[in-house]
Amino acid sequence: MNNNFDVIVAGAGHAGVEAALAVARTGLRCALFTLSLDDVANMPCNPSVGGSGKGHLVFEIDALGGEMGRTADLATIQSRTLNTSRGAAVRSKRVQTDRRYYSSLMKKALEAEKNLYLIQSEITSLLTETAGAETRVTGVTAAPGGDFFARAVILSTGTYLGGRIHIGEVTKREGPDSSAAALSLTGSLCDLGISMLRFKTGTPPRIHRRSIDFDALDVQEGEEYITPFSCRTDAEKLNGIDQALCHVAYTNEETHRVIRDNIGRSPLFSGQIHGTGPRYCPSIEDKVIRFADRERHQLFVEPMGRNTDEIYLQGFSSSLPADVQYKMLRTIRGFEEAEIMRYAYAIEYDLTDPAELLPTLGFKKIRGLYGAGQFNGTSGYEEAAAQGLLAGINASLMIRGEEQIVLPRYSSYIGTMIDDIVTKGITEPYRIMTSRSEFRLLLRQDNARDRLTEYGRRAGLISDERYRDVLERGRRTEEEKERLRHVNFGPGTANPVLEAKGAAPVTSGISAAEMIKRPQIGIGDIAALDPATAELSRDLQDHIETEIKYEGYVRRQLDDVRRTEKAENVALPEDVDYTEIRGLRTEAAQNLNKVRPASLGQASRISGVNPADISVLMIWLAARRRTDGEANDEK
């Protein structure tokens, strides 16, 4: 076998598959290593894709040319849009997927790429070489297989790196779902001077369907119309699926009593677990202790797939012993006879400090080495896939000698997430949320294609045909918005609709666009009055409605973006020692030296750097430019 590749990817989880596909689809030769071919794109935590903020990431992945959205559409068994009672900016799509079908589809996509080589082997160390002040990666050592060589390596090791499972007093050196852990690579990374951290996450038990009394639970149905994640998905075919039912259950005081009585047996509280857990997805025992005043906690009862009787209990993550899991589970209404098929567990794993990374996701210390996913300190499949895609894109661009892509905060939630972790650092697993962005009205699900397709095209992942389709959609949108501004309805036509929806009637004519701007009115109401609107696709109707309703707010946020761009365009030199700049506080100088910000804008977002420090930097930059200008004049 030829052991020479352009790019090597370590780990075939959601980050690794996107990274490898991106590399191979740009024409480069890529090797994707995994501990088990049966765990490609595995969903060990929950059988779903999307959610609050996370759904936005999936739309953005698709817009850039990634695979997650299309695969999630094909594996969907139920779809819901969260936050529908709130504004368009925070509405997020979440689908329940067939876990095994999702994995098999993604594995098939990998196998179909002619430039991609799937290899079941453990990467045990990195190969590097140093020339002068620069160290660069040259490949990896794998067991079995020996040495493999590449111009770039992407580490997307998920929770397998240094993995340790905890179920009560039982601990095992394992990865998720009792798979093998990667136990050797951490030492190699430490030897190279890479800072490492240790985090913890967990998963709930899986229950046999036959043992649950579903009549005692609240029913949660799917939504009436399913909007696909991917523009490549046939919306009509997707809406023809038979959606599975999900249910809702609740803990109670007896559940909480069982947990409190056994809290000393939890590895989280006994000191057995040392890794930091996620704040926004805590274990059930953590929730009961932290929120002692809560009488109950909501749980979501969700199928693992169409061809299995395993049921997932979202919100019931735990590391308590097996016998306690049974006791607390059977206190829940509907679960009195519950049969556990897989016990809940906590898992600790190794990761890098993302302050080691550039906004390209390349390492500062080692050229050609990239990180993605939980290895970078994030949590969640969607966060991982987004980083994997960008790492794959940038590794390919680096090899081709082209400028790598840095997504600004105002361009995407992907850009927001990466800027957060590499600039501010992390103290716990990072989860994307709509509240993380100051530009969330611009970063809606419906306009992801408009925002990011150009980046995907530059990376070589968007075809000419798909690019033309996006441009045509933009043209149609603008034409239709303009047309609706000139479609007028008299009081006799408009008022019955307005009054039926509880909106104030009009005394003179009103345009279709003005009607849409009213909170009670949707574009569907206009379609009932205007045949041309009714002929538009559901996707385009929804997009146009959002554009019209929020155009005033969007205009103001675009003004904020222009102000932000000014600071982002002020470059900071790479070679400066911030401790030598007079007037900078010691803490600010140390943090600036650690992060090495590329711009004044990035510097302003570093923890411990305040507005006064930014003012000092601006004065120093102005003085440096004058000095450099005088030196050039002398020459």
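Scope of the values below: all heavy atoms of this structure, side chains included, with no hydrogens, waters or symmetry mates.
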- side chain to side chain contact (heavy atoms under 4.5 Å, CB included) between V49 and R94, intermediate numbers included: CA-CA 6 Å; V49 172; R94 180 184 188 270; over 6 Å; no
Open item on the list: Please evaluate residues Q96 and T76 with respect to the criterion side chain to side chain contact (heavy atoms under 4.5 Å, CB included), reporting the C-alpha separation (whole Å), side-chain torsions for both, the decisive distance (0.1 Å), and the verdict.
Closed with: CA-CA 6 Å; Q96 200 65 26; T76 293; over 6 Å; no
Do [X] and [Y] have side-chain N/O donor and acceptor atoms under 3.5 Å apart?
{"X": "H56", "Y": "S92", "result": "yes"}
{"X": "Y467", "Y": "E454", "result": "yes"}
{"X": "Y117", "Y": "R29", "result": "yes"}
{"X": "S79", "Y": "K93", "result": "yes"}
{"X": "Q602", "Y": "T423", "result": "yes"}
{"X": "N46", "Y": "S48", "result": "yes"}
{"X": "S230", "Y": "D73", "result": "no"}
{"X": "T533", "Y": "R483", "result": "yes"}
{"X": "E438", "Y": "Y410", "result": "no"}
{"X": "T159", "Y": "Q374", "result": "no"}
{"X": "R25", "Y": "N115", "result": "no"}

Criterion side chain to side chain contact (heavy atoms under 4.5 Å, CB included) on Q387 and N376, from CA distance to verdict: CA-CA 9 Å; Q387 292 171 73; N376 290 351; 2.9 Å; yes
Check: [Y] main-chain N/O paired with [X] side-chain donor or acceptor under 3.5 Å:
{"X": "D530", "Y": "A527", "value": "no"}
{"X": "D419", "Y": "G415", "value": "no"}
{"X": "S103", "Y": "R100", "value": "no"}
{"X": "R444", "Y": "R440", "value": "no"}
{"X": "N2", "Y": "N4", "value": "yes"}
{"X": "D98", "Y": "R306", "value": "yes"}
{"X": "N42", "Y": "G13", "value": "no"}
{"X": "S463", "Y": "R466", "value": "yes"}

Salt bridge (Lys or Arg N to Asp or Glu O under 4.0 Å) assessment of R476 paired with E479 = CA-CA 5 Å; R476 288 282 311 279; E479 283 185 356; 5.2 Å; no
Around [X], counting heavy atoms of other residues, nucleotides and ligands shown, do more than 12 lie under 6.0 Å from its [atom1]?
{"X": "D559", "atom1": "CG", "value": "yes"}
{"X": "E221", "atom1": "CD", "value": "no"}
{"X": "E465", "atom1": "CD", "value": "no"}
{"X": "E403", "atom1": "CD", "value": "no"}

- Between F439 and R409, is there a cation-pi geometry (under 6.0 Å to ring centre, at most 45° from the normal)?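 No cation-pi geometry.
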* To do: Give the ring-plane orientation class for Y102 versus H14, where under 30° counts as parallel, over 60° as perpendicular and anything between as tilted.
  =>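 Rings of Y102 and H14: tilted, as their planes differ by 30° to 60°.
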- request: May I ask you to check whether F375 and Y349 place their ring centres under 6.0 Å from each other?
  value: no
Going by heavy atoms in the side chains, are [X] and [Y] under 4.5 Å from each other?
{"X": "L32", "Y": "L110", "answer": "yes"}
{"X": "V7", "Y": "Y370", "answer": "no"}
{"X": "K107", "Y": "E111", "answer": "yes"}

Exercise for review: Carefully, step by step, assess R473 and D539 under the rule salt bridge (Lys or Arg N to Asp or Glu O under 4.0 Å).
Suggested key: CA-CA 10 Å; R473 181 176 183 263; D539 169 66; 3.3 Å; yes
Note to self: Under the rule for ring-ring contact (aromatic ring centres under 6.0 Å, His included), what residues qualify as partners of F229, not counting sequence neighbours?
What the structure shows: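 Per chain and number, F229 pairs via ring-ring contact (aromatic ring centres under 6.0 Å, His included) with F59.
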ring-ring contact (aromatic ring centres under 6.0 Å, His included) with Y430: which residues, sequence neighbours excluded?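 Partners of Y430 by the ring-ring contact (aromatic ring centres under 6.0 Å, His included) criterion come out as none, since no residue qualifies.
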_Option from I421, I418, I432 for which side-chain contact (heavy atoms from CB on, under 4.5 Å) with T378 holds_ =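 By the side-chain contact (heavy atoms from CB on, under 4.5 Å) criterion, T378 pairs with just one of I421, I418, I432: I421.
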| field | Positive for side-chain contact (heavy atoms from CB on, under 4.5 Å) with E545, one of E547, Q541, K549, H543 | value |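 Only match with E545 under side-chain contact (heavy atoms from CB on, under 4.5 Å): K549.
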Do D62 and R451 pass the salt bridge (Lys or Arg N to Asp or Glu O under 4.0 Å) test, and can you show the C-alpha distance, the side-chain angles, and the key distance before you say yes or no?
-> CA-CA 12 Å; D62 188 71; R451 295 183 276 114; over 6 Å; no
Practice task
Please report the C-alpha distance between D464 and R457 in whole Å, then the side-chain angles of each, then the deciding distance to 0.1 Å, and finally whether the salt bridge (Lys or Arg N to Asp or Glu O under 4.0 Å) criterion is met.
Solution key: CA-CA 8 Å; D464 290 342; R457 180 174 170 80; 2.8 Å; yes
| task | Let me see the working for I526 and M515 under side chain to side chain contact (heavy atoms under 4.5 Å, CB included), right down to the final yes or no. | result | CA-CA 8 Å; I526 303 302; M515 281 186 70; 3.9 Å; yes
